[in-house]
Amino acid sequence: MLSWAAPAQAQPTADTLLAIPPPKRELRGMWVATVENIDWPNQRGESPDQYRREYRRLLDAGQRAGLNAVFVQIRPASDAFYKSDLEPWSKWLTGTQGKAPADGQDPLPFLIIEAHRRGMEFHAWFNPYRATMDSVTRRLAPTHPFRQHPEWFLRYGGQLLYNPGLPEVRAHITRVILDVVRRYDIDAVHFDDYFYPYPDPGKVIHDEAAFRDYNPDGLTKLADWRRQNVNILIRDLHDSIQVAKRWVKFGISPFGVWMNKSKDFPQGSDTRAGQPSYANLYADTRLWLEKGWIDYIVPQLYWSTNFRLCPYPVLVNWWAQNHFERHLYIGHGTYRMLESTRSDTTWRNPRELLRQIRLNRATDGEAVGSVFFSAKSVLRNPLHTTDSLTQTLFRYPALVPAMPWKDDLPPLPVANLTLRRLGSEVTLSWQSGPPAADGDAATYYVLYRFDANERSTPHDPSHILALPRPAPGFPATYVDTTAVPGQAYAYYVTAVDRLHNEGRPVRVISTGQAGPELALGQAPGGTRPATTPPVATQPAPPKPDPRFTLPSGESPDKAAPLLKVKVKEKPKKRGFFGRLFGGRD
């Protein structure tokens, strides 16, 4: 972990922030809120064709902005945006709770496929404990769990809430989530900040009976018991997801302040938040990270860099010290640019969001992503901020950071990489290699392009030409229409698995010489991969191009040639990228 100085001393200068290069790996996402139709669908009861068009429009806006993940709320209040035998269809989808879509189709496979087609992870967003947005039970569908088990619920703040202290409640929530994990091709299970409810002045959570009857450890403090109830759900759900599908991630997006240091919590942040999650929501998010019960955390840091009570830089630094090697992404309150806020006017500055992302990148790899609340703020482009991101900080593609505690085995290299060039147009095609030892094949690919006099490196995202994701089982094809006639290029293709482990590259060279070109890719060392089946017609390997020279003083292992040459042996601890590109990825 980094050793951070006091916030006043740790703030990077503007010049430092501007000088930070763009990362190759960074999660970039947006939340799509369905409760009360905040983001999607635009209104209740739309036709399936209409809500599909609207969803594609949101994803297209995210793709143009350079995003690689989408967090879609599929269970906002004990209801479902998918076919479920456990809970009713959502009224925010069809207009009436329990009513199926007009075409009888389950929307969730469509939502997932469309995200994957655009190179986005699909994080299925569940609200675990909220059962209704009001206390009117007569409109609940016959299949709503309240109809069968009213004893599971609490009334608080004008809503029905599941009682987290009941084992039956935890079992039901786990069943609901594992049903989705097992039946759908999601990438992650995602919770927001609602655990025990935000305190409502003058109101009391009446869970005394559960505290008396379901307290096997004999805890004397109600607050400790409530935290234990949530801890048990998080711990057991993490284990159950891992057993069901080892590649499915589990992440939480809590309120941005765990605890204030001013409340005699030396481990807390130097803030004065009114609703810290540990004390007020009974959500000990820091413990979940420490225990490894979640794979990522997205604290909702919806305050600006100048907000006096909870300054953004202070909280980014605190979370950078307290995420315990699990992924830290930051939740940004971009919706505030659509409001005329009086409490935090810094959000009216079009440079505020860009400054926040630069502060994330200044944490030396601790904060590795950003998620925007919500999708409408990406689509509507307030203050032209989406345009600014696209043109500056997000101008190059980014891979989602890998999670070595879940999987650190990369896929095998691609097979049958072929280059065909006619004029300025370069067509590359390849096939997936065989599955790796853990059974994982390629999910998508990284295509790099380098000019003749450029050093080949896997670290600079400006050389990523595309991240192709063909349909499973189909070969990949990419047409480079930006190649300059007569210019020589080296293309590298790597395979990436579902958890974003990147495999060994295969390289192919276009000499740029007049006339049609046909070339085959080579594995490191200049030979075809041993596992690659032969193709029907094999063009002759091209001769080495003398224009692809290494910078002076570089050793040959920094950029492996297309054909075999003698190179000095390097220590085996260096990876394939190290031997081929000259560094570790």
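The residues of the chain are indexed from 1 along the displayed sequence. Because only heavy atoms are used, hydrogens play no part in the values below, and waters and symmetry mates are left out as well, while side chains stay in.
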Do D239 and W293 have side-chain atoms, one donor and one acceptor, less than 3.5 Å apart?
no
So do I252 and I234 actually touch side chain to side chain, heavy atoms under 4.5 Å?
yes
Heavy-atom closest contact (Q356 atom, W303 atom, distance)
NE2-O, 3.4 Å
Relative to each other, are the rings of H190 and W31 parallel, tilted or perpendicular (30° and 60° limits)?
tilted
Side chains of D460 and S462: any donor to acceptor distance under 3.5 Å?
yes
Does any part of the side chain of W92, heavy atoms only, come nearer than 4.5 Å to the side chain of M133, both counted from C-beta?
yes
Can a side-chain donor-acceptor contact be found between D284 and N231 if the only test is distance below 3.5 angstrom?
no
Any heavy-atom pair between the side chains of F122 and L108 that's under 4.5 Å?
yes
Would you mind checking if E121 and K249 are paired as a salt bridge, meaning a charged N to carboxylate O distance below 4.0 Å?
yes
Between D193 and Y198, do the side chains contain a donor N or O and an acceptor N or O under 3.5 Å apart?
yes
Check each of R227, K221, R226 against D224 using the salt bridge (Lys or Arg N to Asp or Glu O under 4.0 Å) test, and report the only one that passes.
R227
Do the side-chain N and O atoms of W405 and D295 include a donor-acceptor pair separated by under 3.5 angstrom?
yes
I'd like to know if D440 pairs up with R246 as an ion pair, taking the criterion as any Lys NZ or Arg NE/NH1/NH2 lying under 4.0 Å from an Asp or Glu carboxylate oxygen.
yes
Could you go through the side chain to side chain contact (heavy atoms under 4.5 Å, CB included) check for W347 and E339 one step at a time?
CA-CA 9 Å; W347 275 109; E339 299 178 338; over 6 Å; no
Quick one, E168 and H149 - any side-chain contact, counting heavy atoms below 4.5 Å?
no
Please confirm whether F71 and W125 have ring centers closer than 6.0 angstrom.
no
Side chain to side chain contact (heavy atoms under 4.5 Å, CB included) between H500 and M403, intermediate numbers included
CA-CA 8 Å; H500 309 283; M403 292 183 172; over 6 Å; no
Once you measure the plane-to-plane angle for Y129 and F195, does it fall in the parallel (<30°), tilted (30-60°) or perpendicular (>60°) bin?
perpendicular
Under 4.0 Å between a Lys/Arg side-chain N and an Asp/Glu carboxylate O for E114 and R118?
yes
Classify the ring geometry between W40 and F81 as parallel (under 30°), tilted (30 to 60°) or perpendicular (over 60°).
tilted
Per the side-chain hydrogen bond (donor to acceptor under 3.5 Å, both in side chains) rule, which among D39, T385, T334 passes with S377?
T334
With a 4.5 Å limit on heavy-atom distance, are the side chains of N229 and V169 in contact?
no
Should Y312 and I330 count as side-chain neighbours, where that means a heavy-atom distance under 4.5 Å?
yes
Assess whether side chain to side chain contact (heavy atoms under 4.5 Å, CB included) is satisfied between L289 and N322, documenting all intermediate values.
CA-CA 8 Å; L289 291 164; N322 289 277; over 6 Å; no
Going by the angle between their ring planes, with limits at 30° and 60°, are Y329 and Y296 parallel, tilted or perpendicular?
tilted
Q97 and D79: side-chain donor and acceptor closer than 3.5 Å?
no
Validation row: P107, L93 side chains within 4.5 angstrom (heavy atoms)
yes
Within 6.0 Å of CZ in F146, more than 12 heavy atoms from elsewhere:
yes
I357 vs H332, side chain to side chain contact (heavy atoms under 4.5 Å, CB included): CA-CA, chis, key distance, verdict
CA-CA 9 Å; I357 295 172; H332 300 268; 4.2 Å; yes
Without hydrogens or angle criteria, can the side chains of S253 and D192 be said to hold a donor-acceptor pair below 3.5 Å?
no
Report yes if some heavy atom in the side chain of I297 is under 4.5 Å from a heavy atom in the side chain of W288; otherwise report no.
no
Salt bridge check: are R170 and D236 linked by an N-O gap of less than 4.0 Å?
no
Under 4.0 Å between a Lys/Arg side-chain N and an Asp/Glu carboxylate O for D187 and R498?
yes
Do the side-chain N and O atoms of H172 and E87 include a donor-acceptor pair separated by under 3.5 angstrom?
yes
